[in-house]
Every structure is written in C-alpha cells, then in structure tokens.
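Have a look at the structure below, then the notes.
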Amino acid sequence: MTELPKITHALIQRSTTAQSFARGEDYYATGAVLELIRRGDTLYAEVEGSSYEPYQVEVTFDAQGISSTYCTCPYDWGGWCKHIVAVLLAAADAPDEVEARPTVDALIEALDAAQLRAVVQALVERHPGLINEVESCVAVQTSEAVPEPAAASPAASPPPRSHVDPAPFRRQVHSILRSLDRMRPSEAYWHVGGVVDEVRGLLDQAWQLIEAGDGNNALRVLEGITDAYVNAWYNLDDSDGEASAFFSDLAVVWTEAALTADLTPEEREQWIETLEVWQDEIDKYGIDEGFGAAQEALRQGWDYPPLLRVIRDGEITKNGAWENYEDAPYYADDLAVARLNVLERQGRYQEYLYLAEAESQISRYITMLVRVGRVDEAVAYGLQYLTLTEEALALAQALHADGHIQEALRVAEHGLTLSGYAKAQLATWLRDVAANAGEPELALNAAVTTFKAAVDLEAYRKIQSLAGDRWEALRQELLETLRQQTGYASQASIEIFLHEGLIDDAIRALGNYPHYSTVELVVNAAIESRPDWCIQACKQQAESIMDQGQSKYYQRAAYWLGRAKAAYVSVGRSDEWRVYLESLLQKHARKYSLVPLLKDLR
C-alpha cells in the first residue's frame, strides 16, 4: 500500500483559491471533518456543511502525491473546494488520526462463493433498492466482452455475444430518482447532488464495456440510463445546476460508445433518431449541448471522407478532420478527443498521431510520439511548437518515463520560458529530476523558479540543499523578496521567517487581518521572545469570540486565553493575568457555558 504522501499547507494553498483555503481552514478548525478513513490508496472523509447530509470527500494518491480529488458538493470554480481543503488540512496536521481500514478486495478475498452470496443477500435485505443495482451489474458481467479490434480492421465483425438488457438500468435510475419522493421539497433540495452522483455511478458499467471493446452493449446500458433520466430529471431541484450538469457526463460516454460499437448504417440512423428525441426533450429546458458529439460520431462513423484523408492518408491541413474547420460545430474538440481515446484503446497509433496533429491536440500528439519511439521527432516538435507549460510538462514526463532523461530535462527547461498554469509544477518536477540526474545548476535554477512561483518552506529548504556556497547570497535575496510581499498574510512566508528565527519579520508579515491559524503559528514561536505581543494577540483573538457570543467557539477562546496566561507567566506578570481574568469573569458572568472554562484558567 502506497505511503500517505506528505501534505503541507503550502501544497493545499497552491491547489485552491484563497477564499476556499480560508473557508476550509474554518471548517477544519470548527470540527466539521467528521472522520478520516484510509482504504488502500484512497482517503475518505465526511465534512459537515450547508447540506442536510455531510459532504463525501475522496482523495486518491500515488507515489508522486495526490492524484485525484472528489467531493459531492457542487463547487466547480477552480481548484479544490473548501471541503477537500478541510480534509487535507486535517490529514496534514493529524496524520495519526487517519484510520486505516481494508479495501473491498481485502474484505472479500477470503470469502468463498457461498459466503459472498450471503453478503450480497444480506445487503439487499438491508437496503432493498440495491436489487436494481445488483441486477444491472449482473447484466454487464454476464455479457461476453468483445476482444479489441485489430489495428488494420476496426470495423471487423465481433464474435457473437449476449445482449445487455437496458431495462434493469432504466429501473435503477427510476429507483434512485424516486428516493426523493418521500422528502419535503426543502429537504430534498439538499439531496439532489447525491442522487445525481448515484446515477452517475451507473456510467462506470458502460465504461467497463467500452474498455472491453463492446460498444454495442455499452449503448444499451446508456439507453436505459438516459431514457429514464431524460424523462424524470426535471422533477429534481436544479437550482445549483447539478441535475442538468449530468448531461455533459452522459455525452462523453455516448460519444466513445458510438465510436466503439460495430453498427450497420440502419442501426446508426436508429441511434441518431433516439438521441434526437432526447435532445429535443432537454432543449425545452435550455440544455442544447447534450448529444451533439455522439450524433456526429454516429453520422460520420469512421468512414467520413475528411476523417479518412487524415487517419488513412496522413493528410494534415488547417481543416483538420472536417470539410471546412470554420464550419466545425462547437463539439469538434470533444469529438476529436473521443476518437483519439478509441484509437489508442485499439492500438491504432499511426492513425492516432495523424488525427492528433490534424486536430491540434498537441499534448496528445507529442506524448504518443514518445510512446511509439519517435523521440527525436517529439523533442524537435516540442521545442518548436509548444506554447504552454502544461504541454511541456506532459512531454517531459513522457520522455522521462521512457528513459530519455537528458531530452526530458531539455524540454522542461524550455517549458519554463512558456506561459501557462503549470509553471510551479513544471519547475518542481525539473528541480527534482535534474538533481537526481547530476545536473546541480539546472536543479538550482528550477528550485528558485519553484519558490518564486509558489512560496513554500519545503521549496526554500530545497534551494538551501542545492545552493552550496551560494546559499547565503540566495538566502538574503529570498528573504528580502518575502519582506516585500504585501496583502493577505502568507502562512508559507511566515513559516520561512520562523524557520530562520526571524520573529519580528513573521509578526510584520501577519498584516492587519491575519487568519487565526497563522496567528497561532507565530504565537507559539514568539511566546518567550515577544511575550507582550503574544499577550495582545491572544487577548484579541479570545475577546473577539467572547464579545460576539460565539458559544460554539468558546473552547477556542479558552485556548487563546491559555496561551496569553503562559506569556504573562513567562515574564513574571501572574498578578496582572489574574486581574485580567477576573475582569473577564465579571463581564461574561451570564454566559454560563463560558464561565467554567474561564474558571479553569485560574
């Protein structure tokens, strides 16, 4: 099992917005993270929020760190949501509180067939609605998967197979959507996201068939899901856009299933007509970006003349795989990506390369060049045509994975001159790879770029480890850069000042409106050397809570007062502390949940 990666506050800050980070800190500090459970390489947690039910958070990691995150909240405005932030802060600050539990595979590994049947039967008896899910899973598992088509004959007829019945999937969607019928509208509102996620989970069975090359049965699974959803989704409260957003997920699976299936012209036309009926229905609700790419995939198939000129003849023009790219529909890129996924799955790599280049899918094109051994061509193309840091990172990582270390370093170094959102990630990657490859100068330059792109104590220490005799000069330069920062207090900057023992710099860096967690960091470091400042800072935090009558935070106020007491004692001012405490007891005598906490501080 992969070790839980090191999670730092700076890493979390880099992956979210300032607002989400601050809100996540609040959630974490107030105990909204209900539990932390690790199963294999995934961290699961529940977070109390504005919804009636806690939000479900999943964080998956690998040897490189966090690989994916998921939350049931509707947040979709860039970076991690506040619930994911809260969970990761909890894991970062208290890794020992993460409870390790077995994965599903480990739980059922020792069961024989009879015991496994007993488990399934017990679950269905306890949760009757599961019978529909069991039925649909059995339908998929008992259908015969089609082997991957040969690269030279993508349209070859597959061997006979059983047909998946769409009815169980239709019934299962109906059952999921009807689960809200027993609730009041005000209560049901909070469950819409969870209900949509349950329906979304059914798509995994269509993907399973697509991955096996069985596009025909994938279409039948999708038929059951889509028909039921289209005819009932409008009964959900779509105030947050969660119910309508599901059509985007459906569209992706439909497109790849259509491109994977072996269909006659008549069958293709029938599926187009079915999708048109559903599209007309959801158009009534302003959803006009549903099944366009899937219909086009069925209409064009793999024998659309402009597409054939690209993938068969290697004809690369400004029109890509269209008669006239200026007339290409809005979903042209979605269709291109779906086609590339199918070509890759079927091992049709030269066709993939032609299409990726023609459709300007640069990252996919250059990484496939590396994969098929055309390394020099990939590097030359990358150095000439890459425009974004994320494209350079993709190529550099592909080269490195294939053992072409120097080429990877060259591309990554060039990538740092480009624009894009992945500069910090690229610089960090280059720093570590260059250091391991015995390129200290390149590693140091990348380390400085990493630090400037995203201030972080770990990045600061890495520069120190690489700088050698140049460290003192670089140290002064980096610290001066931090001193010039203004605005929202950066916890990473303060951590660096404290690491260097620069207490006064850390205090100044707090600014006028610091977050309490950052104040706490400085107080704990400064309580002996700057007791007067600590006393005032702690009193300000505690009094703000008490004066506003925030009873749920009274424990926090008591904590701050305890730190103030320690500072008073450290400078021999215990009498002054007692006078102050008695004044608080008099002022807040009617706050019965606070008074016992204050008396404990005597």
Side-chain angles (χ1 to χ4, degrees), residues 5 10-18 20 59-70 75-81 84 248 252 320 332-341 344 352-353 355-372 374-375 377-402 404-434 437 442-443 445-456 459:
L11 167 66
I12 302 169
Q13 283 180 305
R14 288 199 301 269
S15 303
T16 189
T17 65
S20 290
V59 180
T60 303
F61 48 90
D62 55 25
Q64 283 69 51
I66 296 172
S67 58
S68 67
T69 58
Y70 170 74
Y75 177 84
D76 190 25
W77 294 282
W80 294 336
C81 71
I84 293 172
S248 297
V252 173
D333 285 341
D334 295 334
L335 182 55
V337 169
R339 283 171 170 158
L340 290 171
N341 289 340
E344 181 177 14
Y352 180 106
L353 285 168
L355 183 60
E357 184 178 9
E359 294 286 87
S360 298
Q361 297 288 328
I362 303 303
S363 292
R364 288 172 173 265
Y365 175 70
I366 54 182
T367 54
M368 182 57 77
L369 281 175
V370 175
R371 183 173 173 182
V372 298
R374 294 160 61 177
V375 174
E377 189 178 344
V379 172
Y381 188 95
L383 295 176
Q384 183 173 359
Y385 294 111
L386 293 185
T387 59
L388 298 172
T389 53
E390 46 269 31
E391 294 172 345
L393 178 60
L395 176 56
Q397 289 176 326
L399 289 165
H400 183 266
D402 211 45
H404 304 286
I405 310 302
Q406 290 304 314
E407 291 86 349
L409 295 176
R410 184 181 175 195
V411 168
E413 185 177 17
H414 170 70
L416 293 182
T417 67
L418 306 176
S419 60
Y421 65 81
K423 178 158 287 190
Q425 186 180 0
L426 174 61
T428 301
W429 184 89
L430 176 58
R431 178 197 70 190
D432 296 341
V433 173
L442 181 57
N445 291 338
V448 173
T449 301
T450 297
F451 181 84
K452 291 181 177 178
V455 173
D456 177 54

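Values reported hereafter were calculated over all heavy atoms of this structure, with side chains retained and with hydrogens, waters and symmetry mates removed. Position 1 is the first residue of the sequence; numbering continues from there.
- Side-chain atoms of V59 and W80, non-hydrogen and from C-beta on, never get closer than 4.5 Å to each other.
- In terms of heavy-atom proximity, A459 sits nearest to R431 at CA-NH1, 4.0 Å.
- Few gaps surround OH on Y70; more than 12 heavy atoms of other groups in view lie less than 6.0 Å from it.
- In this structure, the side chains of L393 and W429 come closer than 4.5 Å at one or more pairs of heavy atoms.
- The structure places OG1 of T417 at 7.5 Å from NZ of K423, a figure rounded to the nearest 0.5 Å.
- Each of V379, V375, V411 was checked for a side chain to side chain contact (heavy atoms under 4.5 Å, CB included) with H404, and the lone residue meeting it is V375.
- Between atom CD of residue E359 and atom CG of residue L340 there is a gap of 8.0 Å, rounded to the nearest 0.5 Å.
- The nearest pair of heavy atoms linking I366 to Y381 is CG2-CD2, 3.5 Å.
- Rounding to the nearest 0.5 Å gives a distance of 4.5 Å between CG of L416 and CG of L426.
- Between L409 and A437, the closest heavy-atom pair is CD1-CB, 4.1 Å.
- Rounding to the nearest 0.5 Å places OG of S419 at 8.0 Å from CD of E390.
- A pairwise comparison of heavy atoms in A396 and A408 identifies O-CB, 3.4 Å as the closest pair.
- A side chain to side chain contact (heavy atoms under 4.5 Å, CB included) with T428 is found for exactly one of T449, T450, D456, V433, namely T450.
- Note that the CG atom of L395 and the CZ atom of R410 stand 11.0 Å from one another [nearest 0.5 Å].
- Atoms CG and CG, on L369 and D402 in that order, are 11.5 Å from each other to the nearest 0.5 Å.
- Between L418 and A392, the closest heavy-atom pair is CD1-CB, 4.4 Å.
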What do the steps show when you test R374 against L353 for side-chain contact (heavy atoms from CB on, under 4.5 Å), and what is the final call?
-> CA-CA 11 Å; R374 294 160 61 177; L353 285 168; 3.3 Å; yes
Step by step, work out the side-chain contact (heavy atoms from CB on, under 4.5 Å) result for D334 and V252.
-> CA-CA 8 Å; D334 295 334; V252 173; over 6 Å; no
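- Between T367 and Q397, every side-chain heavy-atom pair lies at or beyond the 4.5 Å cut-off.
- A pairwise comparison of heavy atoms in A378 and V370 identifies CB-CG2, 3.7 Å as the closest pair.
- Judged as a salt bridge (charged side-chain N to carboxylate O under 4.0 Å, His left out), the pairs with a partner in residues 362-372 (not counting sequence neighbours) are, in order, E344-R371.
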